[in-house]
Amino acid sequence: MERDDPDRVVSAGFHERVAAVVRTVPAGRVTTYGDVATVLGSPQVARHVGWALAAMDRPDVPWHRVINAQGRISARGDTGRVEVQHARLVAEGIRFDASGRVDLRVFRHRFEVD
DNA sequence: GGTTTGACCATAA
DNA sequence: CTTATGGCCAAAC
């Protein structure tokens, strides 16, 4: 990471691009890591999307609207964040089924596809 | 500077 | 449904 200033969030170009994309997701909608990665250029960088989001604690980035391709909230070990993310999505109108999954057919945001 | 890891994904069994 | 595997690439160690 940037060993210069821990306070100065991030300056990595990748993270910034991820932030820019995630910011375009409107409330009441969700997107997936793969989708964000695809918009960035390659669907294979999905892992980095999640990785980048982990470094973004800024309020201007709706990171909670980013879930995995299975319509589920991902949290490798840190379950605390999952509850917050789930609560935020529900508050925005996202509906989860009994299995805790989101219907991507309905809530998945399309990135300006013509 | 090589190895491990990771908020993933698709596919196979 | 779950588990395993390969892939891709940047950060962390």
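Each chain gets a letter, A, B and so on, in the order its sequence line appears, and its residues count up from 1.
Ion pairing between A:Asp60 and A:Arg23 holds under the 4.0 Å rule for side-chain N and carboxylate O.
Between the P atom of B:dC9 and the CG atom of A:Leu40 lies a distance of 14 Å, rounded to the nearest Å. The interatomic distance linking A:Leu53 (CG) with B:dG6 (P) rounds to 17 Å, in whole Å. Between A:Gln70 atom CD and B:dA7 atom C1' the separation is 13 Å, expressed in whole Å. Note: CD1 (A:Ile67) to P (B:dA7) measures 16 Å, nearest angstrom. The CH2-P distance, from A:Trp63 to B:dC8, rounds to 14 Å in whole Å. Nucleotide B:dA7 holds its C1' atom 12 Å from the CH2 atom of A:Trp51, rounded to whole Å. Between the C1' atom of B:dC9 and the CD atom of A:Gln44 lies a distance of 10 Å, rounded to the nearest Å. Atom pair A:Leu104:CG and B:dC8:P shows a separation of 14 Å (rounding to whole Å applied).
Side-chain proximity of A:Ala46 to the nucleotides B:dA7, B:dC9, C:dC9 is greatest for B:dC9. Which of B:dA7, B:dC8, C:dA11 sits closest to the side chain of A:Asn68 comes down to B:dC8.
With hydrogens and angles left out, the side chain of A:Arg47 and the base of C:dC8 share a donor-acceptor pair within 3.5 Å.
For the pair A:Arg65/A:His109, no side-chain contact is recorded, criterion being any heavy-atom separation below 4.5 Å from C-beta on. Looking at heavy atoms from C-beta onward, A:Phe107 lies out of side-chain contact with A:Glu92 at the 4.5 angstrom threshold.
Under a 3.5 Å cut-off, the side chain of A:Arg72 and the backbone N or O of A:Ser99 do form a donor-acceptor pair.
A:Ala69 comes within contact range of the sugar-phosphate backbone alone, with a heavy-atom separation under 4.0 Å but no base atom that close.
Between A:Arg101 and C:dC1 there is a side-chain polar atom (N or O) within less than 4.0 angstrom of OP1 or OP2.
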